[in-house]
Amino acid sequence: MTFLMLFVAGLLGGAINSLAGGGSFIMFPALLFAGVPPVMANASNTFACLPGYVSGTIGYWRHIAPHRNKLIAYCVIGLIGGYLGAETLMRVSDAQFAAIIPWLMLFAVVTYIFGQRINRWVASRSSGSRNAARAGAFGLALLLLMICFYGGFFNAGLGIILLAYLALAGFDDIHAMNGLKLLISVVVSVVAVVRFAATGSIAWMEGSIALAGAVLGGFLAAYFAHLIPARVLRGCIIVYGVGLTGYFFWTTYA
């Protein structure tokens, strides 16, 4: 029964990631409810999300290719930030991580709810200021490092934060932004998964079941996407995410 729950959670999470983002709101709690310790559940969720990032990057490659001049820098920063985030997670006890889960979930949910508005606001402030963006190259690199650190530590909400960053960096092609978002997510997740695996911090059985469900869910969602209104799906995810965050606050601090 536990394995069925994990597969269904992966199925739903993979579909949600493919359609609207936010699949970690399903898969991470499912791993916790399956009895996986908090730190290991977080690491296993990153592992389960990785194939979706890879397939998405391949799908967007023609939009990524024109920005080859930025890829090395983004990948290097992603590797460093992702590793540091994963390393920090490995030094946090389950009790410590469990205590901050509600706050991480709250941050991820708020980012998800207001992500589109944040992206539009950032894009409106960054348009016409490419020279300023170039002048602030070091600041942008440092900001990306911090975002990738977050991704290595806690995967949920990473894509939305990366979209806001890319808008700030001067991008305005949403397809290129989505592609670069996925590419950076791949780099962050790969180095994090390698670090987690090296210390035995991934629940391979549970994580693989969720991963299999996520792969199938992502494929089915892409095929049947026209049948599901994105706005309705997004609204359901927000309601679920808010309720889940409230649940974590109640169980942690009540």
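Side chains included, hydrogens not; waters and symmetry mates left out as well; all remaining heavy atoms used. For clarity, every value in this text was computed on a predicted model and none was experimentally measured. Sequential numbering from 1 along the given sequence is applied to the chain's residues.
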Counting only N and O atoms by type, is there a donor-acceptor contact under 3.5 Å from the side chain of Thr46 to the main-chain atoms of Asn155? no
Enter the distance from Thr252:OG1 to Tyr247:OH here, rounded to the nearest 0.5 Å. 9.0 Å
Can any side-chain N or O of Tyr253 pair as donor or acceptor with the backbone N or O of Ala99 at less than 3.5 Å? yes
If we only count heavy atoms from C-beta on, is the Asn42 to Leu32 side-chain gap below 4.5 Å? no
For the CZ atom of Phe47 and the OG atom of Ser201, what is their distance to the nearest 0.5 Å? 13.5 Å
Can you find a heavy atom in the side chain of Phe7 that is under 4.5 Å from one in the side chain of Leu216? yes
Quick one: does any side-chain atom of Tyr53 pair with a main-chain N or O of Ile184 as donor and acceptor, under 3.5 Å? no
Taking the side chain as every heavy atom from C-beta outward, state whether Met205 and Phe3 have any pair of such atoms under 4.5 Å apart. yes
Contact summary for Ala156 and Ala108, nearest pair of heavy atoms: O-CB, 3.8 Å
Any side-chain heavy-atom pair from Asn178 and Leu163 closer than 4.5 angstrom? yes
Below 4.5 Å, heavy atoms only, C-beta onward: do Phe154 and Trp103 meet side chain to side chain? no
Donor-acceptor check, side chain of Ser189 to backbone of Val186, threshold 3.5 angstrom: yes or no? no
Rounded distance (nearest 0.5 Å) linking atom CG of Leu31 with atom OG of Ser24: 10.0 Å
Counting C-beta onward and ignoring hydrogens, is there a side-chain heavy-atom pair between Phe248 and Leu106 closer than 4.5 Å? no
